[in-house]
Amino acid sequence: MAKLSVIEQRRAAVEADPVAYEARRKEIADAAVRVFDRLGFQKATISAVAQEMKVDRFTLYYYISSKEELFDEVVRTVVERNLQLVRRIAESKVQPRRKLRDMITSVMSSYGEHYPLFYIYIRENLSHVSDERSEWSQQMREMNRETTEAMIAVIEEGFADGSFRKVGSARVVAYGIFG
């Protein structure tokens, strides 16, 4: 069996307490969002996140391997949660008018709650990420597409039952709402 590096040994030690490990990762993620907001994704560094937390930067490497991993994980968590919310609303038995209102309210509340992160995410051009992040980029685009499709389905449902006046295609209306 190969001997673990010092970082791998220390990472294993901090992961031994899953509750403390996850709490610390959340602190790191919160600090990173503040740094990403202040400096932008390109200028942000692990050192800047460490400074924000008043810790040594090497300590962060026990919890994360790069700023990209940190950013991607934080964004994925929020986007997945939003998609689950939208799906649950779309599949509910309430009227389309209520579904659409609930979708808009839920998504906008999430955008407000996670404002700096979403602003940074929107600025990030998902078609021009590094090769190592292309899988993440594809996953994000797919979740965005599914969120949009769920809203389009609700709008079409409202067109069909007459609860919405047809002012254009459901896709154009959905893009107008998201825009």
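Sorted by first and then second residue, the ring pair (Phe, Tyr, Trp, His ring centres under 6.0 Å) pairs involving residues 139-167 (not counting sequence neighbours) form an empty list. Identified under the side-chain hydrogen bond (donor to acceptor under 3.5 Å, both in side chains) test for residues 90-100, with sequence neighbours left out: Arg98-Asp102, Lys99-Glu157. Under the side-chain hydrogen bond (donor to acceptor under 3.5 Å, both in side chains) criterion, the residue pairs touching residues 77-89 are Asn82-Ser110, Arg87-Glu146, with sequence neighbours excluded. For the side-chain hydrogen bond (donor to acceptor under 3.5 Å, both in side chains) condition, the pairs that include at least one residue of residues 168-179, sequence neighbours left out, are Glu149-Arg171.
No path of Ile, Leu, Val, Met, Phe, Trp and Tyr side chains, each step under 4.5 Å between heavy atoms, connects Ile152 with Val94, placing them in separate hydrophobic clusters. At a threshold of 4.5 Å between side-chain heavy atoms, the hydrophobic network of Ile, Leu, Val, Met, Phe, Trp and Tyr places Leu100 and Val172 in two separate groups. In the hydrophobic clustering of this structure, Val167 groups with Met103; members are Ile, Leu, Val, Met, Phe, Trp, Tyr whose side-chain heavy atoms approach within less than 4.5 Å, directly or through other members. There is no path of hydrophobic side-chain contacts, each under 4.5 Å, that joins Val78 to Leu85.
Nearest heavy atoms, Ala48 versus Leu39: CB-CD1, 3.9 Å. For Ala29 against Leu70, the heavy-atom pair with the smallest separation is CA-CD1, 4.0 Å. For Gly158 against Asp161, the heavy-atom pair with the smallest separation is O-OD1, 3.0 Å.
A search for ring pair (Phe, Tyr, Trp, His ring centres under 6.0 Å) contacts involving Tyr111 returns Phe118, not counting sequence neighbours. Residues passing the ring pair (Phe, Tyr, Trp, His ring centres under 6.0 Å) test with Tyr63, sequence neighbours excluded: Tyr21.
To the nearest 0.5 Å, atoms OG (Ser106) and CD (Glu113) are separated by 11.0 Å. Atoms CD1 and CG, on Ile28 and Leu60 in that order, are 5.0 Å from each other to the nearest 0.5 Å. Atom-to-atom distance recorded for Ile64:CD1 and Ile46:CD1 is 3.5 Å, nearest 0.5 angstrom. In this structure, CD on Glu142 lies 12.0 Å from OG on Ser137, to the nearest 0.5 angstrom.
The closest donor-acceptor contact from the side chain of Asn144 to the backbone of Met140 lies under 3.5 Å.
Two residues are said to be in side-chain contact when any heavy atoms from C-beta on lie closer than 4.5 Å; Ile104 and Met151 meet this criterion. Counting heavy atoms from C-beta outward, Ile155 and Ile177 have side chains that approach closer than 4.5 Å. Thr45 is not listed as a side-chain neighbour of Lys67, based on a closest heavy-atom distance of 4.5 Å or more. Looking only at side-chain heavy atoms (C-beta outward), Val55 and Glu27 stay at 4.5 Å or farther from each other. In this structure the side chain of Phe178 reaches within 4.5 angstrom of the side chain of Thr147, judged on heavy atoms.
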Query - side-chain contact (heavy atoms from CB on, under 4.5 Å) between Phe36 and Val74, worked out - result: CA-CA 12 Å; Phe36 291 142; Val74 173; over 6 Å; no
Query - CA sep, side-chain torsions, deciding dist, call: Asp30, Arg34, salt bridge (Lys or Arg N to Asp or Glu O under 4.0 Å) - result: CA-CA 7 Å; Asp30 291 344; Arg34 291 189 300 274; 5.5 Å; no
